[in-house]
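These notes are about the structure you will find just below.
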Number of protein chains: 2
Amino acid sequence: MNAPALTKNQALVFEVLEKADGPLSAYTILDKLRDHGFRAPLQVYRALEKLLEYGVVHRLESINAFVACAHPDQNCHSHGIVAFAICESCGHVMEFHDHEVDHRLMDWTRRKKFKAEKTTIEIRGLCEACAA
Amino acid sequence: MNAPALTKNQALVFEVLEKADGPLSAYTILDKLRDHGFRAPLQVYRALEKLLEYGVVHRLESINAFVACAHPDQNCHSHGIVAFAICESCGHVMEFHDHEVDHRLMDWTRRKKFKAEKTTIEIRGLCEACAA
DNA sequence: ATTGCACACGTTATAGCATAACGCAATTGA
DNA sequence: TCAATTGCGTTATGCTATAACGTGTGCAAT
């Protein structure tokens with residue numbers, strides 16, 4: 001799914017996520033956009049839905065938050081499974097890919113004839129700076 | 001963390017999860033236990049907190065639900081990372097472990113000096129029966 | 001024995017996350 | 001032109017999770 005031009009709301013939400021230095025909840029995004037006319041959660045969720053579809057934003061399931069993709073230039077959906085390391089102290093998120101992990105998980109699903117749609121890998125802990 | 005004897009509430013919640021053939025939300029558990037005197041979400045969440053700690057229950061982050069561990073006989077915490085495949089049609093959950101995946105993720109965290117506390121791997125899709 | 005502590009529990013209230021359902025406006029394409 | 005699609009705004013609601021308070025019980029140290 002490649003990204004067509006963003007609508008106004010989508011662009012506003014994406015901009016907020018890009019400028020943030022960490023994941024944001026939908027309601028935090030809403031608060032940051034009240035000055036731009038946002039009034040209700042649905043305005044945010046609807047924009048997020050599209051941005052997720054386009055692959056330019058990721059949802060962090062374990063903390064109910066959203067981040068801009070770390071390399072939005074390329075199509076993130078083509079990199080295989082995306083994994084995240086989330087620092088529980090400073091909130092910083094690192095995004096990475098590991099083809100061997102993808103391979104092992106795909107192996108398992110093939111053996112079990114499980115049709116995978118969406119895979120979540122999230123490591124929560126402390127980043128180097130915070131663990132010190 | 002090995003499991004001491006469960007308290008009454010913990011035992012009730014665990015029993016409900018064991019009997020269920022899929023993951024349950026905290027509020028679904030609450031409803032199933034109203035006849036046993038449960039009145040408030042906290043009674044469920046407090047029990048779940050302990051059961052998670054003992055490793056006899058898992059939380060599925062991507063669907064905000066809980067399942068009994070697939071092999072509660074052993075200490076699940078000693079198996080490395082637990083991965084789940086969740087069927088979005090029938091709700092069935094398969095639990096598995098893959099040491100090579102663990103290894104790759106630990107490799108990454110070691111390189112990045114990231115101190116992992118809890119890792120989530122969840123594959124959502126369709127099980128063999130539902131994909132047919 | 002009494003005191004102090006830890007822990008489970010119960011209750012009320014509230015916070016935080018997400019979607020249903022309605023209607024309107026603009027766009028597109030048959 | 002008409003129908004279908006898509007985005008948008010609004011109100012209301014539902015689901016998920018925790019804060020804050022108080023009670024009771026068991027147990028260990030003095």
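These figures come from a predicted structure and were not determined experimentally. In the text below, chain A, chain B and the rest are named by the order of the sequence lines, each starting its count at 1.
Comparing C:dA20, C:dG10, C:dC9 by their closest approach to the side chain of B:Gln10 singles out C:dC9. Listed candidates were D:dG7, D:dG9, C:dA8. Nearest to the side chain of B:Tyr54 is C:dA8. Ranking C:dA18, C:dC9, D:dG7 by closeness to the B:Asn9 side chain, first place goes to C:dC9. Closest to the side chain of B:Lys50, out of D:dA17, C:dA18, C:dA8, is C:dA8.
Considering only side-chain N and O atoms, B:Thr7 lies nowhere under 4.0 angstrom from the phosphate OP1 or OP2 of C:dC7. Within the 4.0 Å cut-off from OP1 or OP2 of D:dT18, not a single side-chain nitrogen or oxygen of B:Tyr45 is found. Contact between the side-chain N/O atoms of A:Gln43 and the OP1/OP2 oxygens of D:dC8 is not found at any separation under 4.0 Å.
What separates CG of A:Leu30 from C1' of C:dC17 is a distance of 12 Å, to the nearest Å. In this entry the distance linking CG of B:Leu42 with P of D:dT16 reads 15 Å, nearest Å. One atom, CD1 of A:Ile29, and another, C1' of C:dC17, lie 12 Å apart when rounded to the nearest Å. The CZ atom of A:Phe38 sits 11 Å away from the P atom of D:dT10 (whole-angstrom rounding). If you measure from atom CZ of A:Arg46 to atom P of D:dG7, you get 10 Å, rounded to the nearest angstrom. Following rounding to the nearest Å, B:Leu48 (CG) and C:dC9 (P) show an atom-to-atom distance of 12 Å. Rounded to a whole Å, the CZ atom of A:Arg59 is 12 Å from the C1' atom of C:dT19. As rounded to whole Å, 15 Å separates atom C1' of C:dC17 from atom CD of A:Glu49.
B:Gln10 contributes no side-chain N or O that, together with a main-chain N or O of B:Ala47, makes up a donor-acceptor pair within less than 3.5 Å. With hydrogens and angles disregarded, a donor-acceptor distance shorter than 3.5 Å links the side chain of A:Glu95 to the backbone of A:Ala70. No donor-acceptor distance shorter than 3.5 angstrom exists from the side chain of B:Glu100 to the backbone of A:Arg104, with no hydrogens or angles considered.
No hydrogens or angles were tested; on distance alone, nothing pairs the side chain of A:Tyr27 with the base of C:dA15 as donor and acceptor under 3.5 Å.
Between A:Lys118 and B:Glu88 there is no salt bridge, since no side-chain N of the basic residue sits under 4.0 Å from a carboxylate O of the acidic one.
Both B:Lys8 and B:Ala40 lie near DNA chain C, and the one whose nearest nucleotide falls closer to the 5' end is B:Lys8. Position along DNA chain C of the nearest nucleotide to A:Asn64 versus B:Arg39 favours B:Arg39 as the more 5'-ward residue.
Ring planes of A:Trp108 and B:Phe96: parallel class, angle under 30° (limits at 30 and 60°).
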